[in-house]
Amino acid sequence: MDQWARQQRALALLPVCLALTFSLTAVSSSYWCEGTRRVAKPLCQDRPGVLHCIHYSRGSSDNDQAVQYIWEMGDDKFVQRRFHVGLWQSCEETLGSTGENCRSFQSVIPAEEQGVLWLSIGAEVLNILLTLTSAVLLGSRVRHHSGFHWLKVDASVAILTVLAGLLAMVAHMMYTTIFQITVNLGPEDWKPQTWDYGWSYCLAWGSFALCMVASVMATSRYTAARRELADKNSGQKGSRHSPQDFQKPKASESVWETETAPSPAGCALIGVSKHLPPEAAGKVSMC
């Protein structure tokens, strides 16, 4: 029975640990948004060995001036570069190599939106701290035997996880707004042509959902334990106030005491003493 209870407590710890892992991974990664950016190809002479470059040939004019003939036309003069953005930095692939060129995301967004970015980061950090506190409380419950004082733990976990989930939701919405504003008002050398949300963004919202699940589970455990405790207390009070055993009345008190006395004319006077009024006669004549 104790092993089964320990497994139940470990199962309650699982969504909180997953939420904490998802939040840490999302905050530390730079794949909240991904997309492509349209960039003009460099000249092949300037970038030797680069595959994506503009090919040209030289010719001569009548006045002996060199003329460059570029064969790429329209969209052929451009190349699509992939990029990904997170809370901290924005990275873009480089032409002709497997590396990436990264810069701070704060340097890309408009100046008036930088305060909102820091609010989003602060909310993410608070979400991680609250989720970590909930994981520590539930972990202590797994290691020790549960008792009455663990009701307070369940209540605290329910409050902490729902606050963590709400903070995460607000932080994700603020970041989404900041990114969309930067796409429209950001620098020209950064604006993406196409973009979509990445796997880090999905992990962040998954952490929010797990926090809500953990809060519901903790609230359910708290409610069930309170109901069980109330039923137990009512049963104990009922056993204390059981019906008292009343003593049976004595025969002398339940039966009218009679005594006979001689009376004239063959009649017997019987004395009756059964809580008669003081003014009532105490003898009955029987012939």
Side-chain angles (χ1 to χ4, degrees), residues 18-44 46-47 49-55 70-125 127-128 165 167-211:
L18 285 177
L20 180 61
T21 304
F22 286 2
S23 293
L24 288 173
T25 305
V27 170
S28 60
S29 63
S30 60
Y31 285 86
W32 284 63
C33 297
E34 300 177 89
T36 58
R37 196 169 71 85
R38 190 181 184 187
V39 182
K41 294 180 181 179
L43 296 176
C44 293
D46 299 335
R47 300 289 183 90
V50 177
L51 296 178
H52 302 286
C53 60
I54 297 177
H55 298 275
I70 298 176
W71 304 108
E72 282 81 359
M73 300 295 293
D75 293 338
D76 294 336
K77 295 189 298 183
F78 298 93
V79 66
Q80 300 292 332
R81 286 186 182 179
R82 296 191 59 83
F83 78 97
H84 53 90
V85 186
L87 288 173
W88 309 101
Q89 61 182 2
S90 172
C91 297
E92 182 181 295
E93 66 178 357
T94 56
L95 295 177
S97 63
T98 58
E100 291 181 334
N101 182 22
C102 297
R103 53 178 168 175
S104 174
F105 182 59
Q106 187 179 3
S107 64
V108 175
I109 63 176
E112 59 272 11
E113 301 296 334
Q114 292 186 2
V116 183
L117 176 63
W118 283 112
L119 284 178
S120 176
I121 294 175
E124 293 286 354
V125 173
N127 163 42
I128 292 175
L167 283 172
M169 180 184 66
V170 173
H172 305 343
M173 295 176 66
M174 285 192 296
Y175 179 83
T176 304
T177 304
I178 293 169
F179 182 80
Q180 292 176 353
I181 292 175
T182 307
V183 168
N184 296 324
L185 303 178
E188 292 296 330
D189 62 344
W190 179 88
K191 285 184 178 181
Q193 184 181 14
T194 61
W195 64 274
D196 200 354
Y197 298 109
W199 58 267
S200 299
Y201 191 80
C202 296
L203 282 182
W205 280 107
S207 174
F208 159 75
L210 287 171
C211 284

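Residues: numbered from 1 along the sequence shown.
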By ring pair (Phe, Tyr, Trp, His ring centres under 6.0 Å), which residues pair with Phe105, not counting sequence neighbours? Tyr175
Please step through side chain to side chain donor-acceptor pair (under 3.5 Å) for the pair Tyr197 and Thr176, ending with a clear verdict. CA-CA 9 Å; Tyr197 298 109; Thr176 304; 4.5 Å; no
Cys202: partners by disulfide bond (SG atoms under 2.5 Å apart), with sequence neighbours left out: none
If the condition is salt bridge (charged side-chain N to carboxylate O under 4.0 Å, His left out), which residues does Glu112 pass it with, not counting sequence neighbours? none
Here the gap from Ile181 atom CD1 to Ile109 atom CD1, rounded to the nearest 0.5 Å, amounts to 9.5 Å
State whether the side chain of Gln114 and the backbone N or O of Gln106 hold a donor-acceptor pair below 3.5 Å, judged by distance alone. yes
Ignoring hydrogens, what is the shortest heavy-atom contact between Pro192 and Val183? Give both atom names and the distance. CG-CG2, 4.0 Å
Grab the two heavy atoms, one from Glu34 and one from Gly198, that are nearest each other, plus how far apart they are. OE2-CA, 3.4 Å
Taking Thr182 for the side chain and Ile178 for the main chain, is one N or O donor matched with an acceptor at less than 3.5 Å? yes
Restricting to salt bridge (charged side-chain N to carboxylate O under 4.0 Å, His left out), what partner residues turn up for Asp196, sequence neighbours left out? none
Under the 3.5 angstrom rule, does the side chain of Trp88 hit a backbone N or O of Val27 as a donor-acceptor pair? yes
The reported gap from CG in Leu87 to CG in Leu117 (rounded to nearest 0.5 angstrom) is 7.0 Å
Sorted by chain and residue number, the side-chain contact (heavy atoms from CB on, under 4.5 Å) partners of Thr36 (sequence neighbours excluded) come out as Gln80, Arg82, Thr194
Drop me the distance from Glu124's CD to Ser207's OG, to the nearest 0.5 angstrom. 8.0 Å
Test side-chain contact (heavy atoms from CB on, under 4.5 Å) applied to Thr25 - qualifying residues, sequence neighbours left out: Thr21, Trp199, Leu203
What residues, two or more places apart in sequence or in another chain, satisfy side-chain contact (heavy atoms from CB on, under 4.5 Å) together with Leu18? Leu14, Leu210
Do the non-hydrogen side-chain atoms of Trp195 and Phe83 ever get within less than 4.5 Å of each other? yes
Side-chain donor or acceptor of Trp32 paired with backbone N/O of Ala26 under 3.5 Å: yes
Taking salt bridge (charged side-chain N to carboxylate O under 4.0 Å, His left out) as the definition, give me every residue that meets it alongside Glu92, ordered by chain and number, with sequence neighbours left out. Arg37, Arg81
Residue pairs, two or more places apart or on separate chains, that pass salt bridge (Lys or Arg N to Asp or Glu O under 4.0 Å) and touch residues 171-188: Glu188-Lys191
Partner set under side-chain hydrogen bond (donor to acceptor under 3.5 Å, both in side chains) for Ser29, not counting sequence neighbours: Ser200
Mind checking salt bridge (charged side-chain N to carboxylate O under 4.0 Å, His left out) for Arg103 and listing every partner two or more places apart, or none if nothing turns up? Asp189
For Ile128 and Ser23, the nearest pair of non-hydrogen atoms, with its separation, is CG1-CB, 3.9 Å
Run the side-chain contact (heavy atoms from CB on, under 4.5 Å) test against Leu119 and tell me which residues pass, sequence neighbours left out. Met174
